[in-house]
Amino acid sequence: MWKFARFAAASNAAGSRRFSAAIPGPCIVHKRGADILHDPWFNKDTGFPLTERDRLGLRGLLPPRVISFEQQYDRFMNSFRSLENNTQGQPDKFVSLAKWRILNRLHDRNETLYYRVLIDNIKEFAPIIYTPTVGLVCQNYSGLFRRPRGMYFSAKDKGEMMSMIYNWPAHQVDMIVLTDGSRILGLGDLGVQGIGIPIGKLDVYVAAAGINPQRILPVMLDVGTNNQKLLEDSLYLGLRQPRLEGEEYLSIVDEFMEAVHARWPKAIVQFEDFQMKWAFETLERYHKRFCMFNDDIQGTAGVALAGLLGTVRAQGRPLTDFVNQKIVVVGAGSAGLGVLKMAIQAVAKISGCSEIAAKSQFYLIDKDGLVTTERNNLAPTAAPFAKNPRDIEGLSEGASIIEVVNNVKPHVLLGLSGVGGIFNEEVLKAMRESVSTKPAIFAMSNPTMNAECTAIDAYKYAGENIVFASGSPFENVDLGNGKVGHVNQANNMYLFPGIGLGTLLSGAHLITDGMLQAAAECLASYMAEEDILNGVLYPSVDSIRDVTAEVGAAVLRAAVEEELAEGHGDVGPKELSHMSKDETVEYVRSNMWYPVYSPLVHEK
Ligand SMILES: NC(=O)C1=CN([C@@H]2O[C@H](COP(=O)(O)OP(=O)(O)OC[C@H]3O[C@@H](n4cnc5c(N)ncnc54)[C@H](O)[C@@H]3O)[C@@H](O)[C@H]2O)C=CC1
Ligand SMILES: CC(=O)C(=O)O
Ligand SMILES: [Mg+2]
């Protein structure tokens, strides 16, 4: 059942224990001397205590004074602030890349400090390591490249992957984010340059879910690119060939999945930013064989559903009213179709009606306009959501966004088209005629320049009474007279870390619809009534560890209920099944990795 209990108050738990973590246990290291200084997993820079310098052969390799973690932290933040001051007035792109560079350099040098500043300042740093700046980084990857991160499997590696996978230095991998670079955010085919996305997503995994960074693996599957500009770029770092297609393509992904499974049978693989046809095909192909999910289809669906349910509550209406909400989805790709599927299932579940009846309030628009059964070459993936012309009086096949909005007067206009500015002044003004008392506009496409509209335009043209959400962050809007138009961030970052962590701790070997639905239900019930009534549908990014603990626990409990949980580490399935809901949340929370300098002990 959909319930709306208030969960634990959202607080920045990381901030409150900034430097007061318990003394950590020792960490075994198999190297000595300069090798340690050059390994970001173990490096403490000037923070190595003198006794450790003796033990590890570091004496003389560092300046004599020991600088505490707190001092190192403050020194980094001071450098970051000076960079901000020194770049004031410079073009946004320049400033964003400069900020990314300073963070990336720390990441390359000292992971413990990097993840601590990231966790403590997640709201400020997420837009740099994740959307929108990560998009810019991918676009400029070849020029920004200094050292590799993650693994690259290319079409040229066919037949070699089973042995290549052993080139990864870590013994255990828990979480893999995999892309083929074919649809990077709304930026299209970026080929090998798309590796920035798995790196950014896994940084969010560490920050939000506390997945141990020694156990993450970003992967690029380079099967070529159809981006002509990149193919002609002499500095392009990927295969300079057109993308593999059909069976040739699938045989590469198959081989990769088998190789991962052979070395780390319990590793979870998150498919990310695959073009639609392969997103659906690979999900269908692997979801019953491997522990995997597609974030763009399934993670986005849960986040959007939580927001859609929030818009019902924001109107002061009971959830059963979800069945009467008219929702226009613009974008019939992996994300838009995933959202429709899950939202329709939720309407059917809440109202007890059939999925066929539940569809009647949803309208789907793609690049050719309103999708109806009269469409020539209607894609099989979109077919279940196509309108029968009999049911859309005044509208016809291919109707434009403005025609649909004028006719339907929807409660919600949700964009997952990747087309910036498509919710133009005319469309937004038409939303003033919405039948809702609180019309909702979700401009979910990324990065910022691909958002269907800006927050300012949404409030300016659609009115002050709207609920607004975007995939990439926007500032809240000053509406004058002390009023503020709240900006929600409707991004799958609220779910994928919890889906991964919950699955990992459950020890399940598959990720089921039930586990994903539990994640969505948990996010939907996270916000308090008074927040929702003020148009705040999602928690602040500051509380992402808290949200992730709740979501992770919900996923874990769903796995237990479905008898899929096999346990993790010392905690077996029986113990998991005996945990209360609160105990499960505590268990998940206590398994989150938190960056502190551990004493290093050398072992040959
Ligand atoms: N906020 C979030 O958490 C997420 C946002 N996204 C964003 O959603 C966007 C789409 O992602 P996918 O569905 O995977 O892409 P996709 O390429 O599979 O689908 C794009 C869809 O938009 C439609 N479209 C293109 N031009 C259009 C136009 N002028 N009018 C109406 N529809 C148009 C296409 O026909 C297609 O159906 C991207 O920008 C991505 O960054 C995706 C996943 C999560
Ligand atoms: C957020 C995300 O996954 C995307 O824009 O593709
Ligand atoms: Mg994505």
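Along the sequence shown, residues carry numbers from 1. Indexing begins at 1, ligand by ligand and atom by atom, following the structure's order.
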Considering only heavy atoms of G471, which atoms of ligand 1 have at least one such atom less than 4.0 Å away? 1 (N)
Can you tell me if N104 and Y114 form a side-chain donor-acceptor pair at under 3.5 Å? no
Quick one: does NZ or CZ of K326 land under 6.0 Å from the six-membered ring centre of Y363, within 45 degrees of the ring axis? no
Work out whether the distance between some heavy atom of T131 and some atom of ligand 2 is less than 4.0 Å. no
Thinking salt bridges, do E124 and K99 make one under a 4.0 Å N-O criterion? no
Decide whether N492 and T300 meet the rule of one side-chain donor and one side-chain acceptor closer than 3.5 Å. yes
Between K367 and ligand 1, does any nitrogen or oxygen pair lie at a separation below 3.5 Å? yes
Taking distance alone, with N or O pairs closer than 3.5 Å, would you say A490 contacts ligand 1? yes
List ligand 1 atoms under 4.0 Å from G186, heavy atoms only on the residue side. 38 (C), 39 (O), 41 (O)
Nearest heavy-atom pair of Q193 and Q139: which atoms, and what distance? NE2-O, 3.3 Å
Given the Mg ion (ligand 3) as the apex, I'd like the angle to OD1 of D296 and OE2 of E272, rounded to 10 degrees. 100°
Does a sphere of radius 6.0 Å around NZ in K409 hold more than 12 heavy atoms from other residues, nucleotides or ligands, not counting ones at 6.0 Å or beyond? yes
With a heavy-atom distance limit of 4.0 Å, tell me whether Y130 approaches ligand 2 through its side chain, its backbone, both, or neither. side chain
Where is the nearest protein heavy atom to atom 14 (O) of ligand 1: which residue, which atom, and how far? S334 OG, 2.6 Å
Under-4.0 Å heavy-atom contact with ligand 1, by part of N492 that carries it: both
So, for V177 and L202, which heavy atoms are closest and what is the spacing to 0.1 Å? CG2-CG, 3.6 Å
Close-contact set for ligand 2 against N491 heavy atoms, below 4.0 Å: 1 (C)
G331: numbered ligand 1 atoms lying under 4.0 Å from its heavy atoms: 21 (C), 22 (O), 23 (C), 37 (O)
Which bit of Q270 gets closer than 4.0 Å to ligand 2, counting heavy atoms only: side chain, backbone, both or neither? neither
Angle class for the H107/Y115 ring planes (parallel below 30°, perpendicular above 60°, tilted otherwise)? perpendicular
Out of L185, N446, D273, whose heavy atom sits nearest atom 1 (C) of ligand 2? N446
What protein heavy atom lies closest to atom 19 (O) of ligand 1? Include the residue and the distance to one decimal. G333 CA, 3.1 Å
Pick one of side chain, backbone, both or neither for how K201 approaches ligand 2, counting any non-hydrogen atom pair under 4.0 Å. side chain
Minimum-distance protein heavy atom relative to atom 7 (C) of ligand 1: S445 CA, 3.8 Å
Considering only heavy atoms of R183, which atoms of ligand 2 have at least one such atom less than 4.0 Å away? 6 (O)
Lys/Arg N to Asp/Glu carboxylate O, E425 vs K429, below 4.0 Å: yes
On a heavy-atom basis, the closest approach of G191 and D189 is N-OD1, 3.0 Å
Neighbour count >12 (heavy atoms, 6.0 Å) for atom CG, D92: no
Taking atom 6 (N) of ligand 1 as the reference point, the nearest protein heavy atom with its distance: L416 CD2, 3.7 Å
When you check the side-chain N and O atoms of D546 and Y526, is any donor under 3.5 Å from an acceptor? yes
Do the two ring centres, one from F496 and one from Y205, sit under 6.0 Å apart? yes
Please list, in number order, the atoms of ligand 1 under 4.0 Å from a heavy atom of M276. 18 (O)
Show which atoms of ligand 1 fall inside a sub-4.0 Å distance from at least one heavy-atom site of A335. 12 (P), 13 (O), 14 (O), 42 (C), 43 (C)
Considering only the protein, which heavy-atom contact is closest to atom 20 (C) of ligand 1, and what is its distance? S417 O, 3.9 Å
Side chains of Q315 and Q325 only: does a donor on one sit below 3.5 Å from an acceptor on the other? yes
Can you name the closest pair of heavy atoms from A462 and R432 and give their distance? O-CG, 3.4 Å
Determine, for E397 against R375, whether the closest basic-nitrogen to carboxylate-oxygen distance falls under 4.0 angstrom. yes
For the residue pair Y249 and W278, categorise the inter-ring angle as parallel (less than 30°), tilted (30 to 60°) or perpendicular (more than 60°). parallel
Identify which of M493, R183, M444 has a heavy atom lying nearest to atom 15 (O) of ligand 1. R183
Shortest protein contact, atom 32 (N) of ligand 1 (heavy atom only): D366 C, 3.1 Å
Where's the contact between E272 and ligand 2, heavy-atom distance under 4.0 Å: side chain, backbone, both or neither? side chain
Short check: any N/O/S atom of D295 below 2.8 Å from the Mg ion (ligand 3)? no
Above 12 or not: heavy atoms from other molecules or residues under 6.0 Å from NZ of K359? yes
Search all heavy atoms of G331 against all heavy atoms of L364 and return the closest pair with its distance. O-CD1, 3.7 Å
Nitrogen or oxygen atoms of N492 and ligand 2 under 3.5 Å apart: yes
Taking only heavy atoms of A332, which atoms of ligand 1 are found under 4.0 Å from at least one of them? 21 (C), 36 (C), 37 (O)
Once you restrict to heavy atoms under 4.0 Å, what part of D295 touches ligand 1? Side chain, backbone, both or neither. neither
Tell me: protein heavy atom nearest atom 26 (N) of ligand 1, and distance? V419 CG2, 3.3 Å
Would you say N491 contacts ligand 1, with heavy atoms under 4.0 Å as the rule? yes
Need the atom name: nearest N/O/S atom of D273 to the Mg ion (ligand 3). OD1
Hey, can you tell me if Y494 and Y538 have their rings parallel, tilted or perpendicular (30° and 60° cut-offs)? parallel
Closest heavy-atom approach to atom 43 (C) of ligand 1 among L185, V339, V329, T300 is made by T300
For ligand 2, indicate whether the residue D296 contacts it via side chain, backbone, both or neither (heavy-atom separation under 4.0 Å). side chain
Does ligand 2 have any atom that is closer than 4.0 Å to a heavy atom of F496? no
For I422, the ligand 1 atoms whose distance to one of its heavy atoms is below 4.0 Å: 28 (C), 29 (N), 30 (N), 31 (C)
